[in-house]
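One structure below.
Numbers for residues simply follow the sequence, beginning at 1.
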Amino acid sequence: QVQLVESGGGLVQAGGSLRLSCAISERTFSSYCVGWFRQAPGKEREFVAAISTSGESIYYAPSMEGRFSVSRDNAKNTVSLQMNSLKSEDTAVYYCAALKTDVYYYTPQHSYEYNLWGQGTQVTVSS
């Protein structure tokens, strides 16, 4: 069974940075596109970024672009989310999600498009 495990969350001051990682237990990891989502208390789950199977296609939510950067290392079965210039409104539980696909440029932006999810990692930004 494919498992996704996020790590790297924590407490950071506003303006600081964090790097989240998503490890995926799947030999054919390179066949999976991966997305990052977040959910703040009392709010709906929100799209953050997505990266295609090859890593050549990346899409960010407009409010994240320029501050967040997603990358993947297919040799290590990991996807990373670098978050810079963090704001208090970035406080949320961050989830990675994956979908096996033959479409090499696919970067799904809706949670219902993914069928594999991690347990989430808490990011708290203090102002």
Side-chain angles (χ1 to χ4, degrees):
Q1 183 175 356
V2 179
Q3 291 187 322
L4 282 65
V5 179
E6 302 96 336
S7 61
L11 175 65
V12 64
Q13 289 189 335
S17 298
L18 277 177
R19 186 176 183 87
L20 306 183
S21 293
C22 176
I24 301 177
S25 62
E26 172 58 47
R27 289 187 300 109
T28 59
F29 169 69
S30 60
S31 299
Y32 288 78
C33 59
V34 176
W36 284 95
F37 292 79
R38 69 185 187 184
Q39 188 165 18
K43 294 188 177 182
E44 293 187 354
R45 191 165 295 188
E46 177 184 25
F47 170 75
V48 174
I51 187 166
S52 63
T53 56
S54 66
E56 294 182 1
S57 180
I58 295 173
Y59 188 83
Y60 297 98
S63 62
M64 322 296 176
E65 192 160 15
R67 297 191 301 124
F68 290 8
S69 176
V70 64
S71 61
R72 67 187 294 158
D73 185 339
N74 285 347
K76 296 182 179 179
N77 284 21
T78 59
V79 173
S80 298
L81 180 68
Q82 177 69 40
M83 304 186 296
N84 300 322
S85 302
L86 284 164
K87 308 173 183 179
S88 57
E89 51 263 44
D90 294 318
T91 294
V93 177
Y94 283 72
Y95 300 89
C96 66
L99 172 70
K100 192 170 186 178
T101 179
D102 293 329
V103 182
Y104 71 92
Y105 55 83
Y106 194 28
T107 51
Q109 296 143 47
H110 302 96
S111 58
Y112 61 77
E113 297 178 274
Y114 295 90
N115 58 356
L116 298 168
W117 289 84
Q119 81 290 350
T121 185
Q122 176 69 47
V123 171
T124 303
V125 183
S126 63
S127 56

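Put simply, Val103 and Leu99 are part of the same group of oily side chains (I, L, V, M, F, W, Y) that touch within less than 4.5 Å, one to the next. No continuous path of ILVMFWY side-chain contacts below 4.5 Å connects Tyr59 to Val34, so the two sit in separate hydrophobic clusters. Under a hydrophobic clustering in which Ile, Leu, Val, Met, Phe, Trp and Tyr are joined whenever their side-chain heavy atoms come within less than 4.5 Å, directly or via other members, Trp117 and Tyr106 fall into the same cluster. Using a 4.5 Å cut-off between side-chain heavy atoms of Ile, Leu, Val, Met, Phe, Trp and Tyr, with links allowed through other members, Leu20 and Phe37 fall into different hydrophobic clusters.
To the nearest 0.5 Å, atoms NZ (Lys76) and OG (Ser21) are separated by 10.0 Å. In this structure, CZ in Phe29 is found 8.5 Å from CG in Leu4, a value given to the nearest 0.5 Å. Going from atom CG of Asp102 over to atom SG of Cys33 covers 10.5 Å, rounded to the nearest 0.5 Å. Glu26 CD to Lys100 NZ: the interatomic distance, rounded to the nearest 0.5 Å, is 6.0 Å. Note: Glu89 CD to Lys43 NZ = 8.0 Å, rounded to the nearest 0.5 Å.
Cation-pi geometry between Arg72 and Tyr32 is not satisfied (NZ or CZ under 6.0 Å from the ring centre, within 45° of the ring normal).
Not one N or O on the side chain of Gln3 forms a donor-acceptor pair closer than 3.5 Å with the backbone of Gln1. Judged by distance alone, with hydrogens and angles left aside, the side-chain atoms of Thr78 form no donor-acceptor pair with the main-chain N or O of Ala23 at under 3.5 Å. Between the side chain of Asp90 and the main chain of Asn84, no donor-acceptor pair closer than 3.5 Å is present. Using a distance-only test at 3.5 Å, with no hydrogens or angles considered, a donor-acceptor pair links the side chain of Asn77 to the main chain of Ile24. Counting only distance, with no hydrogens or angles, the side chain of Glu6 and the backbone of Cys96 share a donor-acceptor pair below 3.5 Å.
Counting heavy atoms from C-beta on, the side chains of Gln39 and Tyr95 come closer than 4.5 Å. Looking at Phe68 and Trp36, their side chains never come closer than 4.5 Å, going by heavy atoms from C-beta outward. Residues Ser71 and Arg19 have side chains in contact (heavy-atom distance under 4.5 Å, counting atoms from C-beta outward). With a 4.5 Å cut-off on side-chain heavy atoms, Val79 and Val70 count as touching. Looking only at side-chain heavy atoms (C-beta outward), Val123 and Met83 come within less than 4.5 Å of each other. In this structure, the side chains of Tyr114 and Leu116 stay at 4.5 Å or more apart for every pair of heavy atoms. Contact check for Thr107 versus Gln109: side-chain heavy atoms found under the 4.5 Å cut-off.
Taking every heavy atom of both residues into account, Phe47 and Ala50 meet most closely at CZ-N, 3.5 Å. Contact record, Gly8 with Leu18: O-CD2, 3.8 Å, taken as the closest heavy-atom pair. Here the shortest heavy-atom pairing between Val93 and Gly120 reads CG1-CA, 3.8 Å. The two residues Ala92 and Tyr94 come nearest to each other via the heavy atoms O-CD1, 3.4 Å. When every heavy atom of Ala14 is checked against every heavy atom of Ser127, the shortest pair comes out as CB-CA, 4.2 Å.
Within 6.0 Å of CG in Asn115 there are more than 12 heavy atoms belonging to other residues, nucleotides or ligands.
Under the 3.5 Å distance criterion, with hydrogens and angles disregarded, a donor-acceptor pair is assigned to the side chains of Thr124 and Gln122.
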